[in-house]
Amino acid sequence: QKEVEQDPGPLSVPEGAIVSLNCTYSNSAFQYFMWYRQYSRKGPELLMYTYSSGNKEDGRFTAQVDKSSKYISLFIRDSQPSDSATYLCAMSHYNQGGKLIFGQGTELSVKP
Amino acid sequence: DVKVTQSSRYLVKRTGEKVFLECVQDMDHENMFWYRQDPGLGLRLIYFSYDVKMKEKGDIPEGYSVSREKKERFSLILESASTNQTSMYLCASSVVQSRTDTQYFGPGTRLTVL
């Protein structure tokens with residue numbers, strides 16, 4: 001079993017839809033949770049990060065962490081065609097020396 | 001803004017060639033990483049480095065080596081390229097003891113081995 005599991009999709013939604021992207025993990029030591037966005041033919045860029053459990057909101061994006069269930073989510077409200085990209089979850093704990101564990105990535109397409 | 005650059009966006013090499021992929025970061029980061037990215041497999045860590053002349057194996061080091069002679073530069077070397085090394089290669093850097101271990105990525109090098 002992989003440490004981090006993410007549904008690879010692809011996921012196709014109409015413009016304006018609410019999108020939910022999810023990851024599950026097995027290592028209860030993870031404390032830092034990140035979402036990266038990767039446009040086609042580009043490197044991943046950090047979208048959001050959260051520490052431990054709870055929610056964090058940034059504009060149309062909300063990151064949610066449920067450590068008791070070992071489950072993290074990224075919600076995108078009012079999705080736009082410009083949100084079409086691959087979204088990767090990543091996580092780490094303090095003693096990993098800077099290493100991140102990534103999910104496989106979910107490919108999202110938002111249709112006009 | 002953190003900037004991580006990679007020497008080539010696209011590269012085509014022949015089986016058996018020695019291949020060098022270069023990565024440079026301009027933010028004085030101590031940590032640097034090399035990943036490969038393949039459909040359905042996500043990002044897999046090849047090698048990483050905490051400091052100049054230091055290197056650690058990642059999850060898939062076989063067939064690769066690295067060099068870090070200067071803090072800002074981290075090179076990935078394919079000693080004898082094979083077709084199964086056709087992939088997207090991504091370099092990243094981060095700050096030691098960063099609270100979040102956030103990594104900053106370069107644009108990637110798409111390598112094709114014929």
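Naming: A, B, ... by sequence-line order, numbering from 1 per chain. Heavy atoms only: backbone and side chains are in, while hydrogens, waters and symmetry mates are out. Given the structure is predicted, the values throughout are model-derived calculations rather than measurements.
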Where does [X] contact chain A at under 4.5 Å (heavy atoms): side chain, backbone, both or neither?
X: B:Gln37; value: side chain
X: B:Tyr89; value: neither
X: B:Arg9; value: side chain

Query raised in the report: Heavy-atom distance under 4.5 Å to chain B: side chain of A:Tyr36, backbone, both or neither?
Result: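 A:Tyr36 touches chain B through side-chain heavy atoms alone.
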
Query raised in the report: What part of A:Glu107 lies closer than 4.5 angstrom to a heavy atom of chain B: side chain, backbone, both or neither?
Result: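 For A:Glu107, neither part sits under 4.5 Å from chain B.
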
Do [X] and [Y] share a hydrophobic cluster, counting only Ile, Leu, Val, Met, Phe, Trp and Tyr and linking them when any side-chain heavy atoms are less than 4.5 Å apart?
X: B:Phe33; Y: B:Ile60; result: no
X: B:Trp34; Y: B:Val95; result: no
X: A:Phe30; Y: A:Met48; result: yes
X: A:Phe61; Y: A:Trp35; result: yes
X: B:Leu90; Y: B:Tyr47; result: no

Requested in this report: Determine the option with the most heavy-atom pairs under 4.5 angstrom with chain B, choosing from A:Glu45, A:Gln6, A:Gln38.
Outcome: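 It is A:Gln38.
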
Query raised in the report: Side chains of B:Leu41 and A:Gln104: does their closest heavy-atom pair fall under 4.5 Å?
Result: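 No, every pair of side-chain atoms sits at 4.5 Å or beyond.
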
Query raised in the report: Looking at CD1 of A:Ile101 and CG of B:Leu43, how far apart are the two atoms once the value is rounded to the nearest 0.5 Å?
Result: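 That separation rounds to 11.0 Å.
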
Report task. Rounded to the nearest 0.5 Å, what's the gap from CG on A:Leu100 to CZ on B:Phe48? Could you check? Result ->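 Answer rounded to 0.5 Å: 11.5 Å.
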
Query - Flag if over 12 foreign heavy atoms under 6.0 Å of NZ, A:Lys42 - result: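 Counting neighbours around NZ of A:Lys42, 12 or fewer heavy atoms of other residues, nucleotides or ligands fall under 6.0 Å, so no.
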
**Report entry** More than 12 heavy atoms of other groups within 6.0 Å of B:Arg44 CZ
**Finding:**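 Yes - once you tally the heavy atoms of other residues, nucleotides and ligands closer than 6.0 Å, there are more than 12.
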
**Report entry** Pair B:Leu45-A:Lys99, side-chain contact (heavy atoms from CB on, under 4.5 Å): steps then yes or no
**Finding:** CA-CA 9 Å; B:Leu45 183 63; A:Lys99 287 199 295 182; 3.6 Å; yes

